[in-house]
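Below: the structure, in structure tokens.
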Amino acid sequence: MIPEEKKEYYKKLWHSASHVLASAVKELWPDAKLGIGPPIKEGFYYDFDVKEPFTQQDLERIEKKMQEIIDRKERFIRKEISREEAEKLFKDEPYKLELLREIKGPITIYQNGNFIDLCRGPHVDNTGEIKAFKLIRTAGAYWRGSEKNPMLQRIYGIAFPSKQELDAYLKKLEELGERNHIKLGKQLGIFSIHEEAPGFPFFLPKGAIIWDEMIKFLKKLHIAEGYKFVRTPIIMSKELWVRSGHWDHYRQNMYFTQADDRMLAVKPMNCPGHILIYKEKRHSYKELPIKIAEFGIVHRLERSGVLYGLIRVRKFTQDDAHIFCTEEQLKDEIIKIIKLTDKIYKTFGFEDYSMELSTRPEDSMGTDEQWEHATNALESALKELKIDYKINEGEGAFYGPKIDFHIKDALEREWQCATIQVDFSMPEKFDLYYIGPDDKKHRPVMIHRAILGSIERFMGVLIEHYGGMFPTWLSPVQVRVMPITDRNLEYAKAVLEKLRESDIRAELDSRKETLPKKIREAQLEKIPYMLVIGDNEQKEGSVTVRTRKGVIKKSVKLEEFLSLIKEEIESRALELSIK
RNA sequence: GCCCAUGUAGUUCAGCGGCAGAACGCCACACUGGUAAUGUGGAGGUCCCGGGUUCGAAUCCCGGCAUGGGCUCCA
């Protein structure tokens, strides 16, 4: 959205705008204590400790005051000062003093008008450079992100060097709202969320069709790669989770239940179940790698405040698999997973994704040596494929390091989906082994991997990515047949029958409504193809095709249309074949 | 979990102390129609739940639940 080469300037502009915001708030609420006010990916914010949260009216007042400061064209003046001076200067700003204590190098401040902030900079020359800005929203935010700290009031805003850019940005925001998966999901009858089941979305008939198509596609590719599909129970004994380490590290996110005086846990992950299957028999090195896959339903007790549509839920279905292999096979297996992921993402239309490598967190199990080994395997796979990646120190799972894939949707927002996690500790905890060529027991390595991550989340991302216009292979209704009058009904039914014989999801709109109305409704439902059937078509045994993009092709032979759409569905094409 | 906002017909929303409203959808009737809304009529409500203030509460106050925007965590 913001061009790469301009980013530096925008960062400066936004940072400056956040100072203007703070100046305005300080003028209006002299008692407000300042938190921090950085530029972010899009825009800026500033945190304030105030007695009352800001209201919408407050925002308008602040905007007016900011405009005054901008009109004054106040210069941003940088100064380097001593620690003593700084402590004196910020003696009434407890949060600034806290920051000050952590600064090692030289202390710099920026001043515009009477407002002074502890700041590394850089800034634009003067406040007048902010030609257009808007305060977007307020939110509560903990000081330094920790709920142990007091909650401050955050104001988010955006600024641009021209009014046009601001308008374009606001328009984009509006568009984004139109593509919101919750809104579209409801409009299109894909899923629903009920008060009675917070965090547990319902999939409606149309959503279920999309779901099944996704699964069918994934299954086919996985089977070709040697994965074996299983189904494991959702509830298993507590002891299993104690042994796996989830009890120690993940208990606060798990659901528990009880039966026969025994404590049971609802699985938050599928690995222990798959491990039990692995352990059912002895394995030879010749069998490895063993790939156990499952569309596994997991429940995680997420905190109520974080739930969001399909993106963040309490029950979700992972396209999960566990690969049991030797250390030597590790790198190749990781490479295969990366390639499979790439293929799947491209089919769904995600060309652009980034990868991140996460290393050992504080709350973790296993030895330093195991962690190093596992991390190296992931890193060398990435290097061999010449993939750029970012390192997230300390962000790994408690049982091992991981690679995460972040896909970008049509609106350039990033979502974490695939994950590949190497695990040396679980095989040890469960005493897994295989018999090597030396006729001795050896410890296998385990890879946890998911490609869509959560089917629910991925479907949410897909809805937004496509803006509700699913490619034909995923569309719940692929064709709607629309007779113009009752005279054409019989022929329309014959067309419908033909389509259905070819397993095309077709519907007949035989209502006594006008054609424009039928078309309008099919458009709103984003049905890829509409077949208009009138006297002309009936006479020549053809159909008139209208696509949801508004392209009209008259008198197409039914057979021709059939072969086009069949090929389109078969190849899982992203674009409609009639353009 | 915490801060803020929101919760009214199937849907989108207006009303904000004094008779429960609109549009779309739904049902009925008429219209047999050519590429984004044919016309007329009708039915449809626990105003999220519980308590309080008031002669009177959808509206004001308190508590709860849910959803959304954030904080934190993560798929």
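Since this is a predicted model, take the numbers as computed values, not measurements.
- One finds a side-chain N or O of A:Arg546 lying less than 4.0 angstrom from the OP1 or OP2 phosphate oxygen of B:A36.
- Remark: A:Lys148 is not in phosphate contact with B:G1, judged by side-chain N or O atoms under 4.0 Å from OP1 or OP2.
- For the P atom pair drawn from B:U59 and B:G15, the interatomic distance equals 15 Å after rounding to whole Å.
- Ring orientation note: the planes of A:Phe48 and A:Tyr46 are close to parallel, at an angle under 30° on the 30°/60° scale.
- Rounded to whole Å, the separation between the P atoms of B:U40 and B:C65 comes to 48 Å.
- For A:Ser146, no side-chain nitrogen or oxygen approaches OP1 or OP2 of B:U72 to under 4.0 Å.
- In this structure, A:Arg137 reaches the sugar-phosphate backbone alone: every heavy-atom distance under 4.0 Å involves primed, P, OP1 or OP2 atoms, never a base.
- Judged by distance alone with a 3.5 Å cut-off, a donor-acceptor contact links the side chain of A:Glu302 to the base of B:A75.
- Between A:Gln153 and the phosphate of B:C3, there is no side-chain N or O to OP1/OP2 separation shorter than 4.0 Å.
- The nucleotide whose nearest atom lies closest to any side-chain atom of A:Lys186 is, among B:U12, B:G70, B:G33, B:U12.
- Among the nucleotides B:G34, B:U32, B:A75, the one closest to any side-chain atom of A:Val532 is B:G34.
- Using a 4.0 Å heavy-atom cutoff across all strands shown, A:Gly305 reaches at least one base atom of the nucleic acid.
- Taking only side-chain nitrogens and oxygens, A:Tyr308 comes nearer than 4.0 Å to OP1 or OP2 of B:G69.
- For A:Thr485 and B:G33, the shortest distance from a side-chain N or O to OP1 or OP2 is not below 4.0 Å.
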